Amino acid sequence: MLTCCSLISLAGKYDYTYLEAVRQKDMGNYVLALELYKRCLEMEPEASEAHYGIGHLYMGMKMDSLALVHLTKASKLEPRNTEYLEHLAQAYLYRNDVDSGVVVYERLSEMVPDNTEYLGILIQIYDQLHDYDKMLETLGRLEVQEGQSERITLAKMQAHSLMGDTEGAYKEIKQLADGHPYEIAYRVLMGNWLLNNGRKKEALKTFEDALKDEPNNAQAQLSLMDYYRTTNENERADSLLEGLLVNPNTDSSTRTILLGEWTKNHSDAPNETTKELLNKVLEVAPENIAARLQLIQILWSDSIDETVVKECRKAVEYIPGEVMLYYYLGVAEFVNKHYEDAISSLSSGVENKRADTPKSLMGELFVMLGDSYHKLGKMEEAYAAYDSCLVYTPDMVMCLNNYAYFLSLEKRDLKRAEEMSYKAITAEPNNAIYLDTYAWILYQEGNYADAKTYIDMAIKNLDPQEENEDNKEIFDHLRAINEKIK
């Protein structure tokens, strides 16, 4: 027979073993924790917490049959313990025993009626089981707890629709709209339902009534635009679309989508018309990157002048951190001979690189950075930038050519210069500038015969209509090589 002292000793040993099991589990030593929980049960076979601990570990080990045994036992020993019941329900669902899982979740929702998470899980399960009557009943219980909402109404409408009960779905949305007469969003939602279910006249009246009360409501305008599209009234739809683009109430993502639609529908519109619209859009949404980029590209196609520089600087001011905008700004500054500014802008682009920034864009940033440093005579910085470019884009011919040519001018690392230049002419065998670079490297190496072959090819591929500094330099190289051939 156990004495009082023995009982105290046994209880103390149990507590120590249980706490050690919990500690080992928290440390990730699951095998040891499991062994300690089992020792607990040897001392106290009806210890609910030990059964729960074992069941929880078995769930983690994906030994769901054993997990279920112990979680069931723990829940029987403590039938009001919601934590035990939650894990028991999850164990049933893990074994695809959905019926048993539903029973436990229903029990939980009765025990804690204000915990809407249980109701949300039941709604998902009933949806998966196609038990739409139970789904509607549970949605009703959720509505009692949370009140009417668009989310719940949409779910009830979906359930009615899946049951083929179109009238029931309409009653749900009408009840929501009637119950909140000052919520334009609910009326628009009802109008959308009417439109999607072929009740076009009712839909039109709903949208028009909403816009009488709130003329600048973007959602109502958007839905009315969709109505006009379905009735082939495209001029009215286009007018609304343009209005939505400059409506301050239009959200950013919707504005971007609408801008894409407008551009697609007006692909033949004159640049001036498009610029005028884009400037209006940017007055109300200066941070809209799609409009900024489109405007820059239109200006770019005309001429990369100071107007482009100004617009690019404005874009960076409103949308800081966007790598593409720094690239456009850096190139525009380079073209307009603001080399220090170009270095600053391109460096900012590099600093704002994200994980999803394309390698091609990083290569473009670095090659322009290299060219900008070259213009200022900072050749070590230029070469470092070109090296970085080739890390991201090893086959970028412009970088390969420029890097190779500048090395040849310094008669530096000519072997590497020749290799890079050869890659460039292999990629673009008819490019006069790249052929000239290769010829000049061969000249610097003393290979005059091959230099002559490639400089002649460069001359042959020159555009006779084009006169620029590059062409003059090519003819200078031709004369120098010819001198050596003589």
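For clarity, every value in this text was computed on a predicted model and none was experimentally measured. Position 1 is the first residue of the sequence; numbering continues from there.
- Every pair passing ring pair (Phe, Tyr, Trp, His ring centres under 6.0 Å) that includes a residue from residues 280-322 is listed here, sequence neighbours excluded: Trp300-Tyr328.
- Shown here are the salt bridge (charged side-chain N to carboxylate O under 4.0 Å, His left out) partners of Glu351, two or more places apart in sequence or in another chain: there are none.
- Lys25 places a side-chain heavy atom less than 4.5 Å from the side chain of Leu57.
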Would you check, one step at a time, whether the test salt bridge (Lys or Arg N to Asp or Glu O under 4.0 Å) holds for Arg95 with Asp97? CA-CA 5 Å; Arg95 288 173 57 82; Asp97 186 352; 6.0 Å; no
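- With sequence neighbours excluded, the residues forming a side chain to side chain donor-acceptor pair (under 3.5 Å) with Glu83 are Tyr52, listed by chain and number.
- Considering CD of Gln90 and CG of Asp64, their distance stands at 13.0 Å, rounded to 0.5 Å.
- In this structure, the salt bridge (charged side-chain N to carboxylate O under 4.0 Å, His left out) partners of Glu202, at least two apart in sequence or on a different chain, are Arg199.
- Not counting sequence neighbours, the partners of Asn482 by the side chain to side chain donor-acceptor pair (under 3.5 Å) test are Lys452.
- Checked against side chain to side chain donor-acceptor pair (under 3.5 Å), Asn217 has the following partners two or more places apart in sequence or in another chain: Glu214.
- Each ring pair (Phe, Tyr, Trp, His ring centres under 6.0 Å) pair with one or both residues in residues 235-278, not counting sequence neighbours, appears once here: Trp262-His266.
- Counting only residues at least two apart or on different chains, the salt bridge (Lys or Arg N to Asp or Glu O under 4.0 Å) pairs with a member in residues 278-303 are Lys275-Asp302, Glu276-Lys280, Arg292-Glu311.
- Here Lys205 pairs with Asp209 in a salt bridge; the nearest charged N to carboxylate O distance falls below 4.0 Å.
- Contacts of Asp305 classified as salt bridge (charged side-chain N to carboxylate O under 4.0 Å, His left out), with partners at least two apart in sequence or in another chain: none.
- One side chain, Thr263 or Gln294, offers a donor N or O that lies under 3.5 Å from an acceptor on the other.
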Return a table of donor-acceptor pairs under 3.5 angstrom between the side chains of residues 405-415 and protein atoms on other chains or two or more places apart.
| from | atom 1 | to | atom 2 | distance (Å) |
| --- | --- | --- | --- | --- |
| Tyr405 | OH | Glu473 | OE2 | 2.7 |
| Tyr405 | OH | His477 | NE2 | 3.4 |
| Ser408 | OG | Tyr405 | O | 2.6 |
| Glu410 | OE2 | Tyr383 | OH | 2.6 |
| Arg412 | NH1 | Glu380 | OE2 | 2.8 |
| Arg412 | NH2 | Glu380 | OE1 | 3.4 |
| Arg412 | NH2 | Glu380 | OE2 | 3.3 |

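- Under the rule for a side chain to side chain donor-acceptor pair (under 3.5 Å), the partners of Asn234 that lie at least two apart in sequence or sit in another chain are Arg229.
- Here ring pair (Phe, Tyr, Trp, His ring centres under 6.0 Å) pairs that include residues 187-245, with residues two or more places apart or in two chains, are Tyr170-Trp193.
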